[in-house]
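Below is one structure, written out as structure tokens; comments come after it.
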Amino acid sequence: MGNVLAASSSSSGSSLGLGLLEPVPAESVTSSGGSGSSSSSTSPSSAYSPVDFGAATKEGPLENPGTVEDLHKKCKDLQAITFEGAKIMLNKGLSNHFQVSHTLNMSNVVPSGYRFGATYVGTTQYSPTEAFPVLLGDIDPSGNLNANVIHQFSPRIRCKFASQVQESKMVASQLTTDYKGNDYTASLTVANPSIFTNSGVIVGQYLQSITSSIALGAELAYQFGPNVPGRQIAIVSAVGRYSSGNSVWSGTPGQNGMHLCYYQKGSQQPAIGLPNWHISGVLEKRLQPLPFTLALSGRMNHVKNNFRLGCGLMIG
């Protein structure tokens, strides 16, 4: 689900990550055989006669467009979760709602060493594929912690809290609240607030369904503090998504650049996504009859001319 800590220099307004753990889908813990469902938009009639407009009205009200954070979700879902270096992971499900993991990695990109992780998924459900609350995190022997809490209080209101603790100090924190209307979503994020240094980041997002194929919105990011030039800065970005049949265009033009994604589904299985010239892939091979899975990971960025390769072994 970018970097709020660098909101003053980010070229994509919709990126709010803090280098924290990405929440895992709830259905991956609650059911080993479950699978998420994705909704596809249908394009409106290309004719512009009054009769066709009347027919479009009979199709029913517009649907909720989702959040700005998930604007590029179609392409992000295609991007494999890559890693660099060597990694050994042991996963153990203790129940339908709780699982633990042990990870040992060697990498030049992320800190090497051992990490213990845990994930808990509650029993409150507002859809067949999601359950709340969700608590997940990982910790290393030095006490450095990444933690995420996700809870949906009602069918319309969802909150997400993420934090990062290093050397017994909270170095990053972020709270996001989403409100979903019938045909719009409004989100408010507060990151790294401090009353001692009078600093922090506030991000407001709004996405509105215009037609069954078009969703438009905006994002305002405001950062203040003694380390900010002029002690405060604001960045405004536009967001948009166009869906037509099996293809989706999504873009986030801002003051410093543009984040553009294109998704095309060819059939039931193959799909193609192009986000910002990244090419990535993960090959996983189950080593039957042993409970081992061999993973090979690769990621290339043509613009930055860099390549990362990883090899991993997953147990369980």
Side-chain angles (χ1 to χ4, degrees), residues 1-4 7 10-18 20-28 35-42 62-81 126-132 134 136 148-152 155-162 174-189 191 203-221 237-244 246-254 258-265 271 273-276 278:
M1 271 127 286
N3 198 329
V4 135
S10 173
S11 63
S12 172
S14 63
S15 299
L16 302 178
L18 295 174
L20 306 175
L21 285 175
E22 287 289 339
V24 297
E27 62 271 19
S28 66
S35 61
S37 62
S38 60
S39 61
S40 61
S41 302
T42 57
L62 297 175
E63 296 183 354
N64 183 277
T67 63
V68 173
E69 184 180 4
D70 293 335
L71 187 72
H72 306 293
K73 189 175 187 300
K74 286 286 188 180
C75 276
K76 288 181 179 179
D77 287 346
L78 287 179
Q79 290 293 298
I81 302 177
Y126 292 97
S127 70
T129 61
E130 292 181 314
F132 299 94
V134 179
L136 65 154
N148 289 267
V149 179
I150 308 172
H151 188 53
Q152 186 151 337
R156 294 185 181 272
I157 300 176
R158 177 184 298 188
C159 290
K160 295 174 286 186
F161 175 75
Q174 176 176 309
L175 176 63
T176 301
T177 301
D178 300 323
Y179 178 82
K180 294 187 176 182
N182 293 332
D183 58 0
Y184 70 91
T185 299
S187 303
L188 180 65
T189 298
V203 180
Q205 300 171 327
Y206 182 83
L207 188 61
Q208 171 75 55
S209 292
I210 306 301
T211 68
S212 59
S213 298
I214 300 175
L216 299 176
E219 176 185 83
L220 172 63
S237 302
V239 299
R241 182 179 61 230
Y242 173 73
S243 304
S244 177
N246 292 326
S247 62
V248 178
W249 287 90
S250 58
T252 310
M258 180 174 183
H259 184 188
L260 181 64
C261 287
Y262 173 71
Y263 167 89
Q264 174 69 53
K265 184 175 182 179
L274 181 60
N276 281 11
H278 283 290

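Bear in mind the structure is a predicted one, so any value in this text is a computation, not a measurement. Hydrogens, waters and symmetry mates play no part in the numbers below; they use all other heavy atoms, side chains included.
Here the side chain of Q208 pairs a donor or acceptor atom with the backbone of D183 at under 3.5 angstrom. Proximity of a side-chain donor or acceptor of S244 to a complementary backbone N or O of S247 within less than 3.5 Å is not detected. Panel note: side chain T185, backbone L207; no donor-acceptor pair is recorded below 3.5 Å. Under the 3.5 Å distance criterion, the side-chain polar atoms of S209 are left unmatched by any main-chain donor or acceptor of T211.
Remark: L188 CG to Q205 CD distance equals 9.0 Å, nearest 0.5 Å. Distance check, rounded to the nearest 0.5 Å: CD1 of I157 to OH of Y126 gives 9.5 Å. The line from OG of S237 to NE2 of H259 is 12.0 Å long, rounded to the nearest 0.5 Å. Note that OG1 of T177 is 11.5 Å distant from CZ of F161, once rounded to the nearest 0.5 Å. Note that CH2 of W249 is 14.5 Å distant from CD1 of I214, once rounded to the nearest 0.5 Å. Note: Y263 OH to N246 CG = 7.5 Å, rounded to the nearest 0.5 Å.
Side-chain contact between S213 and Y242 is present, with at least one heavy-atom pair separated by less than 4.5 Å. Between P65 and R241, some side-chain heavy-atom pair lies under the 4.5 Å cut-off.
Scanning both residues, A218 and V239, for their nearest heavy atoms gives N-CG2, 3.7 Å. Considering all non-hydrogen atoms of both residues, A186 and Y206 come closest at CB-CD1, 4.2 Å.
With 3.5 Å as the limit, one finds a donor-acceptor pair spanning the side chains of H72 and T252. Judged purely by distance below 3.5 Å, without hydrogens or angles, the side chains of R156 and N64 never pair a donor atom with an acceptor atom.
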**Q.** Audit row: R158, I150, side-chain contact (heavy atoms from CB on, under 4.5 Å) steps and yes/no
**A.** CA-CA 8 Å; R158 177 184 298 188; I150 308 172; 4.3 Å; yes

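A salt bridge is absent between E69 and K76; no separation between the charged side-chain nitrogens and carboxylate oxygens falls under 4.0 Å. Under the 4.0 Å criterion applied to side-chain N and carboxylate O atoms, K160 and D178 are assigned as salt-bridge partners.
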